[in-house]
Structure formats: C-alpha cells, structure tokens
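Below is one structure. I have some questions about it.
One is the number of the first residue; the rest follow in order along the sequence. Keep in mind that the numbers below use all heavy atoms, side chains included, and drop hydrogens, waters and symmetry copies.
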Amino acid sequence: MSLSDRSKLFLTRIYFRLLTFFSPSFAARKALNLFCTPRRIRRKIDSSIIKNAETISFLLDEMNIRGYRWNHPSDKKVLIIHGFESTATNFEGMVLPLIQKGYEVLAFDAPGHANSDGRTLSLLTYIRMLQ
C-alpha cells in the first residue's frame, strides 16, 4: 500500500471515529454510502472485440444501464457480469470463444460503474439490474 493510500485510510478512520462520537447513526449512513460507492474507473477501449460490439442500454430506476451485445440473435445466450469496481470490458477475452461456440453474449456495466449512470451500487440494485 502506497504512502498516499495509507494516509487516506488513516484520515478516513479518524473521520469516522469523530463522526461516531458525535452521531453514530449519521456515521453509519456515511459508512454505508462509502461502502456502496465504487471508484469510477474509465478505461480506454483499444480492443476490436469491444469496438465491434453492439452497444445497448436500458433504464433502471431512472439510471441508464449501458452494455454490449455480440452475435445477436442466437438461441444460446450468456450474460457476463462483473464485480465491484470492475467493468464489462474486463471480460473481453471471454467474448470471442463464446461467439465461436454460437452464443449471444451480453455484458453490462453495473450502476455506478464505467459507462452506466448512478453513483452507488447495492446487492439489491444489482439483482434488479440482472433481472
């Protein structure tokens, strides 16, 4: 862990100790918000797989959820989902082998991640997005 990261962690701990001293409920709300807020990591897309994808989107709770689709239409479908602070483009290496096997491949950026709208992500929101 870099000195900068250690300094941020140290200051964050002090911040939450002070908040907890004055208002435990407010500190809990702020901690939950911090826990559910991913850092926005935007990647430059150099891959021909991603550049040649069909871009798709849908609305979820007034947020535009953006993603990619390949090999549409096909009877066999695969949905690629990513983890916290990741993006759909991180799985570009899986797309071509799935296409070659005849699958339609879909990959979306979760709320608050990459190209999708929103600032926070909870498990309940992620489940609704996947449905």
Side-chain angles (χ1 to χ4, degrees):
M1 186 183 294
S2 71
L3 179 60
S4 174
D5 288 341
R6 285 195 305 266
S7 299
K8 289 176 190 173
L9 181 58
F10 177 76
L11 292 173
T12 301
R13 286 179 176 160
I14 290 173
Y15 172 74
F16 278 103
R17 283 186 186 135
L18 286 170
L19 277 183
T20 302
F21 179 77
F22 291 106
S23 177
S25 62
F26 182 72
R29 288 192 306 273
K30 293 294 276 185
L32 179 62
N33 186 274
L34 177 64
F35 179 77
C36 293
T37 304
R39 292 172 296 162
R40 288 291 236 194
I41 302 169
R42 296 208 182 253
R43 287 184 29 185
K44 197 174 191 179
I45 298 174
D46 295 329
S47 166
S48 64
I49 293 283
I50 299 297
K51 287 180 181 177
N52 292 324
E54 174 188 357
T55 56
I56 55 177
S57 64
F58 64 92
L59 283 177
L60 174 72
D61 300 335
E62 299 181 20
M63 292 180 290
N64 199 1
I65 305 301
R66 295 179 180 89
Y68 307 95
R69 177 167 56 190
W70 297 267
N71 202 32
H72 174 73
S74 176
D75 291 335
K76 302 185 299 184
K77 297 180 185 345
V78 170
L79 174 62
I80 296 174
I81 60 172
H82 65 76
F84 201 74
E85 293 189 347
S86 186
T87 70
T89 58
N90 287 346
F91 296 88
E92 61 192 342
M94 297 177 151
V95 174
L96 189 56
L98 289 167
I99 290 171
Q100 290 170 341
K101 292 184 179 192
Y103 287 93
E104 176 179 337
V105 181
L106 297 116
F108 293 94
D109 290 321
H113 289 75
N115 295 316
S116 289
D117 295 344
R119 288 187 20 100
T120 61
L121 178 65
S122 70
L123 181 57
L124 296 175
T125 303
Y126 208 177
I127 290 169
R128 283 198 330 274
M129 183 200 96
L130 294 174
Q131 290 173 335

Linking I/L/V/M/F/W/Y whenever their side-chain heavy atoms sit closer than 4.5 Å, directly or via other members, would I56 and L130 fall into one cluster?
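Result: yes, single cluster for both.
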
Show, in sequence, the C-alpha distance, side-chain angles and deciding distance for I49 and Y68, and conclude whether the side-chain contact (heavy atoms from CB on, under 4.5 Å) test is met.
CA-CA 10 Å; I49 293 283; Y68 307 95; over 6 Å; no

Do the side chains of Y126 and I81 get nearer than 4.5 Å, heavy atoms only?
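The answer is yes; the side chains approach within 4.5 Å.
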
Might you work through the side-chain contact (heavy atoms from CB on, under 4.5 Å) test for L9 and M1, ending with a clear yes or no?
CA-CA 10 Å; L9 181 58; M1 186 183 294; 4.2 Å; yes

Just to verify, what does F84 make a side-chain contact (heavy atoms from CB on, under 4.5 Å) with, not counting sequence neighbours?
P38, H113, L121

Working for side-chain contact (heavy atoms from CB on, under 4.5 Å), residues I99 and V105
CA-CA 7 Å; I99 290 171; V105 181; 4.3 Å; yes

Mark yes when over 12 heavy atoms from residues, nucleotides or ligands other than K101 sit less than 6.0 Å from its NZ; otherwise mark no.
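No.
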
In the structure I gave you, are the side-chain heavy atoms of F108 and N115 within less than 4.5 Å of one another anywhere?
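Heavy-atom side-chain distance check fails, nothing below 4.5 Å.
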
About how many Å separate CG of L106 and CG of N71, when rounded to the nearest 0.5 Å?
10.5 Å

Taking atom types as modelled, find out whether T87 and T89 have a side-chain donor-acceptor pair closer than 3.5 angstrom.
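A pair is found: one side chain offers a donor N or O, the other an acceptor, under 3.5 Å apart.
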
To the nearest 0.5 Å, how far apart are CZ in F10 and OG1 in T12?
10.5 Å

Work out which heavy atom in T120 is nearest to a heavy atom in N33; give both atom names and the distance.
CG2-ND2, 4.0 Å

Atom pair CD (E92) and OG (S48), whose distance is rounded to the nearest 0.5 Å:
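Atom-to-atom, E92:CD and S48:OG are 8.5 Å apart.
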
To the nearest 0.5 Å, what is the distance between CD1 on I50 and CH2 on W70?
4.0 Å

Crowding at CZ, R6 (>12 non-hydrogen neighbours, <6.0 Å)
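Above 12, so yes.
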
Out of the candidates L60, D109, N64, only one should pair with S116 under the side-chain contact (heavy atoms from CB on, under 4.5 Å) rule; please name it.
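Testing each of L60, D109, N64 against S116, the sole residue satisfying side-chain contact (heavy atoms from CB on, under 4.5 Å) is D109.
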
Crowding at CG, D75 (>12 non-hydrogen neighbours, <6.0 Å)
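Counting other residues, nucleotides and ligands, CG of D75 stays at 12 neighbours or fewer.
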
Has Q100 got more than 12 heavy atoms of other residues, nucleotides or ligands less than 6.0 Å from its CD?
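Atom CD in Q100 is packed in, count exceeds 12.
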
Considering all heavy atoms, the nearest M129-P111 contact:
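That closest heavy-atom pairing would be SD-CD, 3.6 Å.
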
Atom CG in N90, atom CD1 in I80: separation rounded to 0.5 Å?
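One gets 11.0 Å once the value is rounded to the nearest 0.5 Å.
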
Is a donor on one side and an acceptor on the other found under 3.5 Å between the side chain of E104 and the backbone of K77?
no

Do F26 and R29 make a side-chain contact, defined as non-hydrogen atoms from C-beta onward lying under 4.5 Å apart?
yes

Roughly how far, to the nearest 0.5 Å, is OG1 of T55 from CZ of R69?
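It comes to 9.5 Å.
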
Provide the closest heavy-atom pair for F91 versus H82 in the form atom of the first, atom of the second, distance.
CE1-CB, 3.5 Å

Which residues pass the salt bridge (charged side-chain N to carboxylate O under 4.0 Å, His left out) test with R17, not counting sequence neighbours?
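Not a single residue meets the salt bridge (charged side-chain N to carboxylate O under 4.0 Å, His left out) criterion with R17.
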
Would M94 end up clustered with V78 when hydrophobic side chains under 4.5 Å apart are linked, directly or stepwise?
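They do share one cluster, since a chain of ILVMFWY contacts under 4.5 Å joins M94 to V78.
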
With K76, which residues qualify under salt bridge (charged side-chain N to carboxylate O under 4.0 Å, His left out), at least two apart?
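Salt bridge (charged side-chain N to carboxylate O under 4.0 Å, His left out) list for K76, sorted by chain: empty.
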
